[in-house]
Structure formats: structure tokens, C-alpha cells
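Here is the structure we will look at, set down as C-alpha cells.
Chain letters run A, B, ... following the sequence lines, proteins first and then strands; every chain starts at 1.
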2 protein chains.
Amino acid sequence: MSNAFNRPDQLSAKLRERILRESAELGYHGPNFAARSLRKGESGVVAVVLADSISYSLCDPVASQFLQGVAELLGENQKQLLLLSSAQDELQQSSAESLPDGFIFYGAPSGDIFERVKRSGKPIIAVDFETEDSESVNINNEQGAYMVASHALAKKPLNIAVLGLRLVESQRICRLTAQDMQVESKEISRSRLKGYMRACDELNLSLIPSQIWHIPVNTPDMAEIAAREALTLNPLPDLILCMSDVIALAALRVANDLDISIPEQIHVTGFDDIPEAQRSTPSLTTVCQQSSEKGRVATRLLLDKEHKDSVVLDTRLVIRASCD
Amino acid sequence: MSNAFNRPDQLSAKLRERILRESAELGYHGPNFAARSLRKGESGVVAVVLADSISYSLCDPVASQFLQGVAELLGENQKQLLLLSSAQDELQQSSAESLPDGFIFYGAPSGDIFERVKRSGKPIIAVDFETEDSESVNINNEQGAYMVASHALAKKPLNIAVLGLRLVESQRICRLTAQDMQVESKEISRSRLKGYMRACDELNLSLIPSQIWHIPVNTPDMAEIAAREALTLNPLPDLILCMSDVIALAALRVANDLDISIPEQIHVTGFDDIPEAQRSTPSLTTVCQQSSEKGRVATRLLLDKEHKDSVVLDTRLVIRASCD
DNA sequence: TTGAAAGCGATACCAT
DNA sequence: ATGGTATCGCTTTCAA
């Protein structure tokens, strides 16, 4: 009789239907998930552990696209998606950590959830950060930033500003100081900054700390404030390198608001290639980092027990109107 | 010793630390979720069952905002978020259905997952659709559409077009026929259409079926195609009522592309009030449906065992540049 | 206070 | 083929 649930193919559809109906009347509602996964030692659930809060990640276009890619492949493989966050790493959560069969860590996690999960021995894929003993999926941030900056510098800008993301610890928007430039770090933003700097070096240009903004969170509101600061400088910059498309789009809006024409007066570049970037006016020159593909690759890596190599996805320069 | 995991307050922090470390060395990684939920009969997991595929929902700004609201409240209440979809309602899934303690159905589900879950007796909140024996959270679509249409009609348009969402069954973009107008339905889009029509009636205007577009999916691509059709009509419409902001934003882009000035030549209205609506140029006159609040309300309803009433959230007219 | 034992529900295995 | 039984790991209860 349990065949009716577990091996639908072994019974006639009609019989199966009758059994299901009758057992439902007896108060049986299908196999119990907890019991099954306890017994089988697996759950069919995959967790994505987000570095930021779940709410935040859901409104960030880059994270959304990543999740979209993950969800797509999980669906195809009959796996369930559990969203966790290392930011709100609480008591109850630490229990749920034992449910998933595998983990995708999106962004360097805070707290000790990563350590705990690693100890459990379950498969882990690290995305957008480096780690020792797990496979990871990364993109070449430095290279992407280098490409877009090189492209932009070919326009011979005289006054460059950078709208950067999470470059220092502060929760406030601020510009960098000379000593902020010394910091060595493998963080995404730092890699992008390095890429910008390498492109500048090649042309014997250099970035001035006071022309580099730190934006603590990748939101349109924050970005607009910083962009307004940069676009009301005197003299006006003629190139703004933005470390995300959200920031670059904010810069486009502010420029429009201030009647600064793009790309005539100022060139603007972004990073990420979010869907909005190709729809904006002007459309955005940026670096495509294939977020949803990244999600698919990470999921494939997690589910395929064969493949055992970390992946570095290519970044591609996407030239559009904002810097052409 | 199990106290170390379950009642951290009863032991000194130091002892707890030592116990955890030692047991970890023995190969113990914290309480087993499956065993715990099997025994306790609850999991601490809440499922959101999306009417569309998970991937699609993640890129739809309205669904994203809703999920954001849900995630926010679940986080505060130490609940885990499991994303399901009634669209890809498969075998494996039907097992996972028994895991969550409660369900939020976002949009009228397809398949029989709703029936199955209902039979399980677990709490259910229905969002954006009507159902008999569960609490629900809805908005007044008819009223919202009526308000925005009334506002727009006050501009005395002569030639009205409607860019509608999911008005008929077709997977293709098409315009309605006279008999399509007869359909009675409680679906969201039909309610919105009714609202538009009531506003028209009051002014002795009427909508012409051939000026009403059906768009099968709420994506920028689809919307742009339909918008281009509407904006290349001769004579050009001077009011475009759009059933979503995604559609309205597409209309703004197409208009810009065709050098049609808004709001001078054409007025455009949206629906939803997604974040992008206030950032667009021109900004969008629309109906705010408080998506993230909807998510919070639904979650509160699910978690608070007290409150036992369905909720209809207000819609608010938001007047911005595209129709002012 | 501490420990032992029953049982949650499904499955895998062994015996019929 | 079919039925019975031990077991997964935890919590709850009851006894010492």
C-alpha cells in the first residue's frame, strides 16, 4: 500500500487513486517529510545561505538573478530551496542547518555558520568568495573592472571619480583617505578597485582618494546621495566608474536631474549588467557577470558529484551608450 | 548534555563551549532537524507557494517585494523560509509539502497542491485570490483601477488604450474581441479591467476591445512589444492604462524611443507602485498596492494564532509625472 | 538532578 | 509478492 505513494508506477492509476482517497479519509496525508529524511539521511533540500539578510537580497537585482539561476536548476532536479542568511544567524536557524543536503554560500558569510556546516561534512559551494576546502564559483572582478576602466579611459577623461561599494567599514557614505588606499583585501570591491587602478597605471593616471566614494549598501537611495556629491563637484568629473549597476543607474538619474548630459559631458560605467542596465536611458556600459549563470553553475557543481573543480566565470565588457 | 544545545541559558557559557567542542570532535554536529521535527510535530518552516515558477517570481518586482515582506517577519520570528511553486508541482515536492508548519499561497495555485495542503489541516493564508475556508489577504483591485482611471480620465483623453495582463488564455500578445469582454472572472486583471470600465462608464466613455491588449506574462520584453503596437497606432492613443508598472515602464521606454513626449502627448498610468516607478523618467502615476506590507500582513496572519480575519489592504493612488 | 525508555513515521531489510 | 521489525535522532515522560 505504501507503494501508492512511493512507486506510483507499480499500480494502476485507478487503484492508486482509490487508495489515496481512502487513506486521506482515514487522516493520512502522504508521507511525512521529517520521518522520511530522518530515515533516509537526506532531505532533498538545498540551502542558499545569503551573506546579507534575506529581505535585502531579494531586492538586490544581482542576488535575485543569482537565486533565479539556482531555483531554475533546483527545480529541474526536484530539489527544494531553503533560504537562510548568515546575517541573522540565530538559535532556531542553527537547527535548520542540519536539514539541507547541500549548501550554497552566496557571499562571504558572517558568524560561524560556515564553520558549522563545514564540520558537518555536507557538500558546500562557495560563491563570490574564496575558501580553502570547498569548491567555489567566482568571477574575475579585477579583470572585469580593468576592462571597463580601460575602455572608459580611452576617452581621455581628465577628472575621474569612483563610486565604490563597501570599500571601508563605515556605515556612512564617505570618501576615501590616503591610508584607505593601502588596505589589502580579497573582497570583491577591493578587487574591482585594483582593476580600475591597474587600468589607470597603464596610462600613467592615478585615482585620487578624495575622488573615491564609499557606499555602504548597494541601494538606489544610498547611491543617489553619493552620486549627487560626485556630480556637484567643481570641477565636474568627466568619468564616473561605478562598482555596481545600481550605483551607475543612480548616477544616470542624478545627472539627468542636474541636466548633465551623458555621454557628452560625463561618461558613466557600471558593473554587473543587471537587466535594468540595458533598458535605462542612456543604456549602461558595464561588465556582465552572468549572475543567473553563476547560480546555475553553483547548483550544478553542488548536485553533480562528478565535477570537482572550482569555477571562475568570465566577465564580459558590455559597451552601451553611457560610455561609448 | 543535550541542554547545551536546547537550553543554552542553563549552563555557563564556558561549559557550553567545552561541551560543544568536545561533541564536535566526537562527530556530533548539533541536533538533527528531521528527528526533532518528527518528534515535535513541527518544523519551524513556513512555505510560500508561488503560483508562477520560482525563477520567474524572483525577477518579478511585485512578487519579490512580497517575499521581502514575508522574509522580514519570518526572520523576526525565527522561522525558516521554504519556496515552493505550484507551477512545477512534482513528485518530490509533494513530499516536501509535509514539512512546513504553515503555508502562504501567493496567487491562485495550479495543480492540486492547495487541496492537499488544505486536507492536512495546517494553517493556510491565501494571498491575491479568494478561497472559502482560509484567511486571505487581498487588495481591492477594482477600486485601485477605478481610482487611477478616474484620475487619468479627468484629463479628457480622446483615445484610450489598455495594456492588460493575462486577460485571456492565449500565450500570445493580442487584442481583445467583443466576446472577450463578456467574460466574468474574479481574476486580478479582470477586476482591474472592471475598475477601468466603471470609471469610463461614469463619464459615458467606453473601452473598445481592439484597444485593449492582452499580455501573457509580466515581463519587460513582452510589455515592450505590446506597447510598441499601441504606440504606433494611428491615431495615436492619448491615454494608456497599464495593468502593471512593468508594463507602464515599458510604455515609457517605447514612447521615449518613438519621440512621443509624456505626459504632453500621452498620459500613462501603471499599477503596483514598484520601486522603479518612482525613479523612472518621467516618474509613474500608479496605484500603490503595498506589496511588502502584504507579505508582512500575510505572515502575521499565519503566525498569530489569535487574529482570524481576512484582510483587504487599501490601494492608494500615487500621482506622479506620467499622468499629472 | 540525572538517566532510561517510549515513540514520532517512514524505510530497508529480512523472513515468510 | 507480502508482512513484520529494527532503526534513524530527538524530545518527552517517568522513575530513580
Consider only side-chain N and O atoms of D101(A) and S43(A), and report whether a donor and an acceptor are under 3.5 Å apart. yes
Can you tell me how far [atom2] of [N] sits from [atom1] of [X], to the nearest Å?
{"X": "F33(A)", "N": "dT11(C)", "atom1": "CZ", "atom2": "P", "value": "12 Å"}
{"X": "E42(A)", "N": "dA10(C)", "atom1": "CD", "atom2": "P", "value": "17 Å"}
{"X": "E97(A)", "N": "dC10(D)", "atom1": "CD", "atom2": "C1'", "value": "17 Å"}

Residue set satisfying side-chain hydrogen bond (donor to acceptor under 3.5 Å, both in side chains) with S291(B), at least two apart, ordered chain then number -> none
For S120(A), the side-chain hydrogen bond (donor to acceptor under 3.5 Å, both in side chains) test, sequence neighbours excluded, returns none
Consecutive-pair stems (3 or more, Watson-Crick or G-U, under 3.5 Å) for DNA chain C: C:1-14 with D:3-16
Do E187(B) and R166(B) meet the salt-bridge criterion of a basic N to acidic O distance under 4.0 Å? no
Under 3.5 Å, which N/O atoms of the protein pair with N/O atoms of nucleotides 4-8 of chain D?
| residue | atom | partner | partner atom | Å |
| --- | --- | --- | --- | --- |
| dT7(D) | O2 | R39(A) | NH1 | 3.4 |

Donor-acceptor pairs under 3.5 Å, side chain of residues 61-76 of chain B to any protein atom, not counting sequence neighbours: which ones?
| residue | atom | partner | partner atom | Å |
| --- | --- | --- | --- | --- |
| S64(B) | OG | L58(B) | O | 2.9 |
| S64(B) | OG | D60(B) | O | 3.1 |
| E72(B) | OE1 | R296(B) | NH1 | 3.3 |

Distance-only, no hydrogens or angles: does the S86(B) side chain make a donor-acceptor pair with backbone N or O of S110(B) under 3.5 Å? yes
Are V48(A) and L82(A) side-chain neighbours, meaning at least one heavy-atom pair lies under 4.5 Å? no
List for me each residue that meets side chain to side chain contact (heavy atoms under 4.5 Å, CB included) alongside V312(A), sequence neighbours excluded, and say none if there are none. N140(A)
